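Treat the numbers as computed from the prediction; the structure is a model and nothing was measured.
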Amino acid sequence: MRRGKSGEGHSESFTMAKVSQQLIEEALNDFQGPLIGYAMGFLKDLDRSKDVVQDTFIKLSQQKTEKVERGLKTWLFTVCRNGALDQIRKNKRLVALDDDNRAELVSEDWSPDERADQEDQHQVIWQLIDRLSDNQQEVIRLKFQQDLSYREIAELTGLKEGNVGFLLHTGLKRLREMMPEELQPSHLKS
């Protein structure tokens with residue numbers, strides 16, 4: 001009878017390792033692209049952003065599954081954020097996001113004409129977002145690029161949910177004020 005229990009124990013630990021590998025693969029599929037985009041918001045450099053995301057997944061592989069399983073998305077974005085901030089501290093400067101990298105972030109679902117118009121609009125909007133405070137830039141990117149909730153943004157940044165809402169509100173208000181009329185949504189035009 002002991003043999004059966006011993007064998008079951010081996011099977012359970014093997015299953016836990018399998019689940020952990022499956023969790024990493026699913027996380028890679030679901031979050032690699034969004035994490036690279038998020039890191040780009042800090043680093044403005046695609047290669048460095050990919051390196052930070054790679055380090056994030058290496059750290060995930062070293063964690064116990066139970067530690068990250070429930071809050072995986074928040075955990076990944078927190079580790080990615082910390083890695084990007086470490087890169088900034090190491091390099092002591094930010095590099096502007098160039099047009100080639102911006103073009104990679106544009107959807108491929110557009111016709112060539114629509115894509116060109118969309119890229120032009122995105123370029124203007126990114127330039128305007130770059131003029132906002134660092135906190136406003138970060139919460140806007142987390143909310144609209146990464147689709148995080150106020151709670152997730154608060155956990156990730158260490159801000160209170162109310163502060164996240166305030167930063168979003170004031171950042172978007174300032175963005176609308178700076179935005180050229182032709183980019184304004186029709187319901188905001190006077």
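- The OG atom of Ser49 lies 6.0 Å from the CG atom of Asp45; values are rounded to the nearest 0.5 Å.
- The side-chain heavy atoms of Lys73 and Phe31, taken from C-beta on, include a pair separated by under 4.5 Å.
- The CZ atom of Arg81 sits 13.5 Å away from the CG atom of Leu35 when rounded to the nearest 0.5 Å.
- Not counting sequence neighbours, Ser61 has no partner by the side-chain hydrogen bond (donor to acceptor under 3.5 Å, both in side chains) test.
- Between the side chains of Gln137 and Arg141, at least one donor-acceptor pair of N or O atoms lies under 3.5 Å.
- Residues Tyr38 and Leu43 have side chains not in contact (no heavy-atom distance under 4.5 Å, counting atoms from C-beta outward).
- Contact check on Arg89 versus Asp86 returns a salt bridge, with a Lys/Arg side-chain nitrogen under 4.0 Å from an Asp/Glu carboxylate oxygen.
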Query raised in the report: So Asn135 and Phe166, side chain to side chain contact (heavy atoms under 4.5 Å, CB included) or not? Walk me through it.
Result: CA-CA 11 Å; Asn135 281 344; Phe166 176 77; over 6 Å; no
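- Every side-chain contact (heavy atoms from CB on, under 4.5 Å) that Asn163 has, sequence neighbours left out, goes to Leu159, Lys160.
- Between the NZ atom in Lys50 and the CD1 atom in Ile36 there is a gap of 6.0 Å [rounded to 0.5 Å].
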Report task. Please report the C-alpha distance between Val164 and Arg151 in whole Å, then the side-chain angles of each, then the deciding distance to 0.1 Å, and finally whether the side chain to side chain contact (heavy atoms under 4.5 Å, CB included) criterion is met. Result -> CA-CA 9 Å; Val164 169; Arg151 176 179 289 146; over 6 Å; no
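- Rounded to the nearest 0.5 angstrom, Thr74 OG1 and Ile153 CD1 are separated by 10.0 Å.
- In this structure, the side chains of Met179 and Val124 stay at 4.5 Å or more apart for every pair of heavy atoms.
- Using a 4.5 Å heavy-atom threshold, the side chains of Thr170 and Gln136 count as touching.
- Atom CG of Leu60 sits about 5.0 Å away from atom CH2 of Trp75, to the nearest 0.5 Å.
- Judged as a salt bridge (charged side-chain N to carboxylate O under 4.0 Å, His left out), not a single pair has a partner in residues 22-35 (not counting sequence neighbours).
- Remark: Gln127 CD to Met178 CE distance equals 11.0 Å, nearest 0.5 Å.
- Annotation for Leu168 and Lys143: closest pair CD2-CB, 3.9 Å, computed over non-hydrogen atoms.
- Note: the hydrophobic cluster containing Ile58 does not contain Val52 (ILVMFWY, side chain heavy atoms under 4.5 Å, direct or indirect links).
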Query - Check against side chain to side chain contact (heavy atoms under 4.5 Å, CB included), Gln62 and Phe57 - result: CA-CA 9 Å; Gln62 297 167 345; Phe57 283 103; over 6 Å; no
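- Here the side chains of Phe77 and Thr56 are not in contact, with every heavy-atom distance at 4.5 Å or above.
- For the pair Gln146 (side chain) and Pro34 (backbone), a donor-acceptor distance under 3.5 Å is present.
- Side-chain polar atoms of Glu155 and Tyr150 form no donor-acceptor pair below 3.5 angstrom.
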Requested in this report: List the steps and the verdict of side chain to side chain contact (heavy atoms under 4.5 Å, CB included) for Leu142 and Thr157.
Outcome: CA-CA 10 Å; Leu142 288 170; Thr157 60; 3.9 Å; yes
